[in-house]
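Chain naming here is simple, since letters A, B, ... match the order of the sequence lines and numbering starts at 1 in each. What you are looking at is a predicted structure, and each value in this text was computed from that prediction instead of being measured.
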Amino acid sequence: MAFWKPGTEKPSFVEDEEGGIVLMSNNLSSSSSSSFGYANIEKQRQRLPVYKYRTEILYLVENHATTIIVGETGSGKTTQIPQYLKEAGWAEGGRVIACTQPRRLAVQSVSKRVADEMGVNLGDEVGYTIRFEDHTTSGVTSVKFLTDGVLIREMMEDPLLTKYSVIMVDEAHERSISTDILLGLLKKIQRRRPELRLIISSATIEAKAMFNFFNTSKKRQAPEGSTQGPKLEPAILSVEGRGFSVKIHYVEEPVSDYIRSVVSTILLINEREPPGDVLVFLTGQDDIETAIKLLAEEAHSHQKNSSGLLPLPLYSGLSRAEQELIFTPTPRGKRKVILSTNIAETSLTLEARLLGVVYVIDSGFSKQKFYNPISDIESLVVAPISKASARQRSGRAGRVRPGKCYRLYTEDYFLKQMPGEGIPEMQRSNLVSTVIQLKALGIDNILGFDWPSPPSPQAMIRALEVLYSLQILDDDAKLTSPTGFQVAELPLDPMISKMILASSELGCSDEIITIAAVLSIQSVWVIARGVQKEQDEAKLRFAAAEGDHITFLNVYKGFLESKKSSQWCYKNFLNYQSMKKVVEIRDQLKRIARRLGITLKSCEGDIDAVRKAVTAGFFANACRLEPHSNGVFKTVRGSEEVYIHPSSVLFRVNPKWVVYQSIVSTERQYMRNVVTINPSWLTEAAPHFYQNRQNNMSL
DNA sequence: GAGCACTGC
């Protein structure tokens, strides 16, 4: 395969003038204030690129309602700007400076870093809040880091977020659902609180969209010469990052098989390039395992080419121990080849550990979620990435010294066909949770809400329909009382919340809250590669004839009986981290349930009560086995052809009637988490929904 | 007998 270096591609990152290894602001090295003197920390802070813009940033924030900061990785914006604001007096008079992040881990590590730099205890002047963890002190904490989801929750108590003087929304370019909801709500708040300042931190490509979204100056022209309030037109400021130049190489002709191209590019690098680790971006576990297998085959046939290569897979499904492998230093004479999913594109924990990477290979694809409002099914599809993602990926090559990025697509494709930015998650998702959050905040005109990127009306209408069928919204699309308001209190998928409410009447809330906690995490099982048989046997020890939900009750019971032992989890192929999370979520739900007046009551083995409660939440996901078919089910709602997922305890059992929690859509559409039901429960649980479907219901 | 990019309240 031949690569060429185009003259037109500008390096994404400027070379650091000082050379050598630089300390990046989001470097996770746990340097604490005790190991560095104050002067040292001050010097480090001043060396960050953002420091040059300190005065300018403060001026812009003072004079503009919204300031958009475009900052590359390593500019120091996240840790420094909140401190500048504090130093400039924005936290005086009991006011609080907030900085939101999309991920919990980022909140924790950034707040720790800032507390260290300020020489204070985390939880005093500098604090953080994430789900399950509130490390702030009311009246003391003036710089607060939090996930955007937590800030949205705070609006339910304080709709105008009155205690905050400045809110910085970090990583806004990622365009996650909660960031987009937050941006829409903050824009509304600004109208009522002109003194509130917003800082939107974004990558280059999204800055223009953010500017347009927050530019309300045309509609609400402030009087000329008026000194009252900040300018409504947003300011944009660009801050350079701290990376090295990355040379971009494209393929001359489109590749037909990107996995084979990845392998030949790895061999090419190994043959021609000086030492340095390789980071490869692929789409998923399958791709990664295929590539590793092909590399091993190459090692047999062309020993020379592949000598010294150390292939390492990296994806979220790996156990912690397996992920640790990439953290070990590269042995002398070896070259690590990390084959990764998108996890390496955003994960902060990994960032500090990928510093040996000098070469990046970008397949140009990733797995992305898409939502079909007609079938109401979300699926994961391999799709081309955006230019923004491509830049992010190539940037991973230039963290310690100048690097190279090999893009397995043509330059022409990059320039002319690759979309500039990805489709915001909001436009690729089921919206029931989003709608319920807005309703809970008193926003009635959902269809007219001012979004950064509005979702399709079909998706909105589908969400309203589902919520109506669950009797969470009424004929006027208002929250019902008490059901709707109670559902909004629970931080869960509305169907799960509805199931909990139903369990209160059915006398099985103790069991259902356990099920709810399990359903709201990924999976309690570990991914057992090569030991499926053993895992299946372990599963059988918990399996219940009624289905997965009841099986989860057995798993939870066993976990408690083991005294929450990690050893026990290991023996039973259960994910210990997941089980601990189940306990945590269960405790939170218990607290909320008590507040909602739901008394925790066990049904003492009355499994029908549990299945009825599940049906009350998930009746819309009912399926019937096709007679004389080999495990083909049809959804009652849309007559879609679906199958029971092989991971379910009901796989191959194929009972006549089931409800499922969700569908994973791959080659086939598989139902995940399935429980048997009696079809008469459907009309009982949702007469309104099944009224017109009576004909389909006959047994 | 198949598979799961990543978050979050």
message = Given B/dT7, B/dC9, B/dC4, identify the nucleotide with an atom nearest to the side chain of A/R131.
response = B/dC9
remark   = Applied to residues 150-162 of chain A, the salt bridge (Lys or Arg N to Asp or Glu O under 4.0 Å) test, sequence neighbours excluded, yields A/K144-A/E154
query = Expressed in angstrom and rounded to an integer, what is the separation of A/Q285 atom CD from B/dA5 atom P?
reply = 6 Å
query = Considering only B/dG1, B/dG8, B/dA2, which nucleotide approaches the side chain of A/T147 most closely?
reply = B/dG8
Position toward the 5' end of DNA chain B (nearest nucleotide), A/G284 or A/Q437 = A/G284
Of the listed nucleotides B/dG1, B/dA5, B/dC9, the one nearest the side chain of A/K367 = B/dA5
key: Salt bridge A/D170-A/K77, side-chain N to carboxylate O under 4.0 Å   = yes
inquiry  = Using whole Å, what does the distance between atom P of nucleotide B/dC9 and atom CE of A/M495 come to?
reply    = 22 Å
inquiry  = For the residue pair A/Y315 / A/N342, report whether a side-chain donor-acceptor contact shorter than 3.5 Å exists.
reply    = no
key: Separation of B/dC6 C1' from A/R175 CZ (nearest whole Å)   = 17 Å
key: B/dA2 phosphate, OP1 or OP2, under 4.0 Å from A/R672 side-chain N/O   = no
query = Quick one: A/D148 CG to B/dG8 P, roughly how many Å, whole number?
reply = 10 Å
query = Out of B/dA2, B/dA5, B/dT7, which nucleotide sits closest to the side chain of A/T341?
reply = B/dA5
note = With sequence neighbours left out, the residues meeting ring pair (Phe, Tyr, Trp, His ring centres under 6.0 Å) with A/Y556 are none
inquiry  = Tell me if the aromatic rings of A/F365 and A/Y258 count as close, with their centers under 6.0 Å from one another.
reply    = yes
inquiry  = If I take atom CD in residue A/E133 and atom P in nucleotide B/dG8, what distance separates them, rounded to the nearest angstrom?
reply    = 11 Å
task = Pick base, sugar-phosphate or nothing for A/I152, based on heavy-atom distances below 4.0 Å to the nucleic acid.
result = nothing
inquiry  = Measuring from the side chain of A/D536 (C-beta onward, heavy atoms only), which nucleotide among B/dA2, B/dC9, B/dG1 has the closest atom?
reply    = B/dG1
task = Could you tell me the separation between the CD atom of A/E157 and the C1' atom of B/dC9, rounded to a whole number of Å?
result = 13 Å
message = Can you identify which nucleotide, out of B/dC4, B/dG1, B/dT7, has its nearest atom closest to the A/L380 side chain?
response = B/dC4
ask   = When we call it a touch if two heavy atoms are under 4.0 Å apart, what does A/R668 touch: a base, just sugar-phosphate, or nothing?
value = nothing
task = Return the value, rounded to whole Å, for the distance between atom CG of A/N673 and atom C1' of B/dC4.
result = 13 Å
message = By nearest atom, which of the nucleotides B/dG1, B/dT7, B/dC4 is closest to the A/R103 side chain?
response = B/dT7
inquiry  = Measure CD1/A/I343 against P/B/dC4 and give the value in whole Å, please.
reply    = 16 Å
note = Among B/dT7, B/dC9, B/dA2, the one nearest any side-chain atom of A/Q522 is B/dT7
